[in-house]
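First listed ligand is number 1; within each ligand, the first listed atom is number 1.
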Amino acid sequence: MSLRISLFGSNGRMGHAIINAAQQLGHTIAATVDLGDDFDAGAKAGDVIIDFSSHKITGDIIRLAAANNKPLIIGTTGHTDTEKKALLVEAAKIPCVWSGNYSIGVNLLFALTRRATAVLGADYDTEVIEMHHRFKKDAPSGTAARLLEIILEERKLAADAVRHGREGITGERTQSEIGMHSLRGGDVIGDHTVMFAGLGERIELTHKASDRAIFARGALRAAEWITGQPNGVYDMQRVLGLTA
Ligand SMILES: NC(=O)C1=CN([C@@H]2O[C@H](COP(=O)(O)OP(=O)(O)OC[C@H]3O[C@@H](n4cnc5c(N)ncnc54)[C@H](OP(=O)(O)O)[C@@H]3O)[C@@H](O)[C@H]2O)C=CC1
Ligand SMILES: O=C(O)C1=N[C@H](C(=O)O)C[C@H](O)C1
């Protein structure tokens, strides 16, 4: 299948990766849209919209996709929980794939994290650690945010169980907290670890990205998959057939 793509965020690191991957896979970039460009004309140009730009314009892009009857692939991260909740309501009115990470490896990590959390439970202290390049604007990463959601769901904990870093006289660790640690530096493309520390053993699930092409190829696979799907917001695990 050959797609005509409207690409929001084309000048960025991911924008370049999508342009390269699209060329290799025989897709066409019908429009590139960045700061100062005509969003409406850009959204109209392609069969599908792919967004790797800024959390500030996700709402505008969803509205344009709806107005122009285009399916939408959202890769942008950095929304607050409240923002995302409202955006999901709007995105559900069109065919949309939304994932904080389009790599196959990380989507397997999501599944493994769910299983490990269910098996190990509260006896294993669970901490999420991520590292990204110095240019990344949001923390924790969208991938880490999804890992936390999965852990909270499995452990039946509320969002306030997440403990972002530690400092001072923190007291002993409680069983009901989930640690979250974001490292930034250099050109690291994206590392994520979920650590389960018990008494006498420790299990670490780690994914390390070494090429942004993994995200780009995944987003293009999602763009091929979404064509013809009913309205609704789907995740990458659904695209990959890991969930029904
Ligand atoms: N889901 C996934 O698998 C992945 C998600 N990401 C996410 O994708 C997003 C982009 O990452 P990355 O490419 O590294 O970022 P960059 O900063 O390199 O690129 C951002 C792009 O978005 C454009 N942009 C920024 N603000 C606006 C705006 N207000 N209106 C229009 N265009 C805008 C920039 O245009 P200009 O150059 O003109 O400023 C630039 O082209 C981030 O949220 C990141 O977390 C990244 C990797 C994988
Ligand atoms: O900004 C990035 O670079 C990345 N962002 C995504 C995230 O926030 O999880 C995915 C990937 O880790 C790279």
Side-chain angles (χ1 to χ4, degrees), residues 5-21 29 31-43 49-64 72-80 83-84 87 91 96-110 113 128-150 180-194 206-223 226 233-237 239-240:
I5 297 162
S6 298
L7 179 59
F8 282 71
S10 74
N11 284 335
R13 285 170 287 274
M14 273 310 297
H16 288 122
I18 296 272
I19 290 168
N20 288 337
I29 305 297
T32 57
V33 191
D34 294 279
L35 265 178
D37 290 338
D38 182 339
F39 280 23
D40 192 38
I49 299 172
I50 299 184
D51 169 44
F52 283 87
S53 58
S54 163
H55 67 101
K56 293 178 195 158
I57 59 166
T58 309
D60 294 334
I61 296 174
I62 292 171
R63 276 186 286 281
L64 283 168
L72 172 61
I73 307 300
I74 300 176
T76 301
T77 62
H79 313 89
T80 64
E83 279 168 355
K84 186 158 182 187
L87 290 169
C96 176
V97 182
W98 190 335
S99 177
N101 198 306
Y102 280 94
S103 84
I104 291 177
V106 159
N107 280 278
L108 178 60
L109 176 68
F110 290 153
T113 297
V128 177
I129 304 131
E130 54 103 336
M131 181 162 186
H132 283 83
H133 51 93
R134 66 170 67 152
F135 308 105
K136 186 163 177 61
K137 299 188 178 74
D138 54 311
S141 67
T143 309
R146 181 65 191 135
L147 288 166
L148 289 170
E149 270 177 11
I150 290 168
M180 177 67 238
H181 313 277
S182 293
L183 316 182
R184 292 288 175 271
D187 58 1
V188 175
I189 290 181
D191 295 355
H192 293 89
T193 293
V194 185
T206 294
H207 177 272
K208 295 187 182 199
S210 50
D211 189 337
R212 287 187 177 84
I214 58 169
F215 309 128
R217 284 195 298 264
L220 291 169
R221 185 161 167 178
I226 196 71
V233 180
Y234 307 91
D235 64 15
M236 191 58 186
Q237 291 199 63
V239 173
L240 295 172

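Comparing Ser10, Gly15, Ser53, Ala222 against atom 10 (C) of ligand 1, the shortest heavy-atom distance belongs to Ser53. Between the choices Leu35, Ile214, Asp51, the shortest heavy-atom distance to atom 31 (C) of ligand 1 belongs to Leu35. Nearest to atom 44 (C) of ligand 1 by heavy-atom distance, out of Asn101, Thr77, Ile189, Thr143, is Thr77.
Looking only at side-chain heavy atoms (C-beta outward), Leu183 and Asp191 stay at 4.5 Å or farther from each other. Counting heavy atoms from C-beta outward, Asp235 and Phe110 have side chains that stay 4.5 Å or more apart. Residues Ile61 and Ser53 form a side-chain contact, since some pair of their non-hydrogen atoms from C-beta on lies under 4.5 Å apart. Considering only heavy atoms from C-beta on, Val128 stays 4.5 Å or farther from His192 through its side chain. Residues Leu220 and Ile5 form a side-chain contact, since some pair of their non-hydrogen atoms from C-beta on lies under 4.5 Å apart. Proximity of Trp98 to Thr58: side-chain heavy atoms (C-beta onward) are separated by under 4.5 Å at one or more points. Using a 4.5 Å cut-off on side-chain heavy atoms (C-beta onward), His207 and Leu147 make no contact. With contacts defined as side-chain heavy-atom distances shorter than 4.5 Å, the pair Tyr102/Val239 does not qualify.
Rounding to the nearest 0.5 Å gives a distance of 12.0 Å between CD1 of Ile18 and CZ of Arg212. Rounded to the nearest 0.5 angstrom, Thr113 OG1 and Glu149 CD are separated by 12.5 Å. From Arg184, atom CZ reaches atom NE2 of His133 across 7.5 Å, with rounding to the nearest 0.5 Å.
Closest of all the heavy-atom pairs between Ile50 and Ala223 is CD1-CB, 4.1 Å.
No heavy atom of Gly78 sits closer than 4.0 Å to any atom of ligand 1. In this structure, Lys137 has a heavy atom closer than 4.0 Å to ligand 1. The closest approach between a heavy atom of Phe215 and any atom of ligand 2 is below 4.0 Å. Under the 4.0 angstrom criterion for non-hydrogen atoms, Phe39 is in contact with ligand 1.
The proximity of Lys136 to ligand 1, defined as any non-hydrogen pair under 4.0 Å, is limited to the side chain. Neither the backbone nor the side chain of Arg13 comes within contact range of ligand 2; no heavy atom lies under 4.0 Å. At a 4.0 Å heavy-atom cut-off, ligand 2 touches Ile189 through the backbone alone. When non-hydrogen atoms are compared, ligand 2 lies under 4.0 Å from the side chain of Thr77 (C-beta onward) but not from its backbone. Residue contacts with ligand 1 for Ser99 involve N, CA, C or O but no side-chain atom from C-beta outward (heavy atoms, distance under 4.0 Å). Of all the heavy atoms of Asn11, the ones lying under 4.0 Å from any atom of ligand 1 are found in both the backbone and the side chain. Under 4.0 Å from ligand 2, the heavy atoms of His132 that appear belong solely to its side chain.
Protein heavy atom at the shortest distance from atom 18 (O) of ligand 1 is Arg13 N, 2.9 Å. The shortest contact between atom 21 (C) of ligand 1 and any protein heavy atom is with Gly9 CA, 3.6 Å. For atom 3 (O) of ligand 1, the closest heavy atom belonging to the protein is Tyr102 N, 2.9 Å. For atom 26 (N) of ligand 1, the closest non-hydrogen atom of the protein is Ser54 CB, 3.4 Å. Shortest contact from atom 47 (C) of ligand 1 to any protein heavy atom: Met14 CG, 3.3 Å. In terms of protein heavy atoms, atom 5 (N) of ligand 2 is closest to Lys136 NZ, 3.2 Å. Here the heavy atom of the protein found nearest to atom 35 (O) of ligand 1 is Asp34 OD1, 3.4 Å. Residue, atom and distance of the protein heavy atom nearest to atom 8 (O) of ligand 1 are Phe52 CD2, 3.5 Å.
The shortest N/O to N/O separation between Val33 and ligand 1 does not fall below 3.5 Å. For Thr76, no nitrogen or oxygen atom sits less than 3.5 Å from a nitrogen or oxygen atom of ligand 1, counting backbone and side chain alike. In terms of polar-atom proximity, defined here as any N/O pair under 3.5 Å, Gly142 does make such a contact with ligand 2. Note: an N/O pair closer than 3.5 Å links Gly100 and ligand 1 by distance alone. The shortest N or O to N or O distance between Ser103 and ligand 1 is not under 3.5 Å. Residue Gly12 has at least one N or O atom closer than 3.5 Å to an N or O atom of ligand 1. Checked against a 3.5 angstrom limit, the closest N/O atoms of His192 and ligand 2 fall outside it.
Judged by distance alone, the side chain of Ser54 and the main-chain N or O of Ile57 form no donor-acceptor pair under 3.5 Å. Here the side chain of Asp37 pairs a donor or acceptor atom with the backbone of Asp34 at under 3.5 angstrom. In this structure, the side chain of Asn107 engages the main chain of Asn101 through a donor-acceptor pair within 3.5 Å. Between the side chain of Thr193 and the backbone N or O of Ile129 there is no donor-acceptor pair closer than 3.5 Å.
Listed by number with element, the atoms of ligand 2 under 4.0 Å from a non-hydrogen atom of Gly100 are 6 (C), 7 (C), 9 (O), 10 (C). Which parts of ligand 2 touch Thr143 is read off a 4.0 Å heavy-atom cut-off, strictly below it: atoms 7 (C), 9 (O), 10 (C), 12 (O). Atoms of ligand 1 lying under 4.0 Å from any heavy atom of Gly75, numbered from 1 in the order shown and given with element: 1 (N), 2 (C), 4 (C), 5 (C), 6 (N), 7 (C), 8 (O). Close approach of ligand 2 to His133 is summarised as follows: ligand atoms under 4.0 Å from at least one heavy atom of the residue are 1 (O), 2 (C), 3 (O). The distance from ligand 2 to the heavy atoms of Ser141 drops below 4.0 Å at these ligand atoms: 7 (C), 8 (O), 9 (O).
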**OP:** Determine, stepwise, if the pair Ile74 / Ile62 fulfils side-chain contact (heavy atoms from CB on, under 4.5 Å).
**Re:** CA-CA 9 Å; Ile74 300 176; Ile62 292 171; 4.1 Å; yes
Subject >> Test log, rule side-chain contact (heavy atoms from CB on, under 4.5 Å), inputs Lys56 and His79 >> reply: CA-CA 8 Å; Lys56 293 178 195 158; His79 313 89; over 6 Å; no
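There is no side-chain donor-acceptor pair under 3.5 Å between Ser141 and His132.
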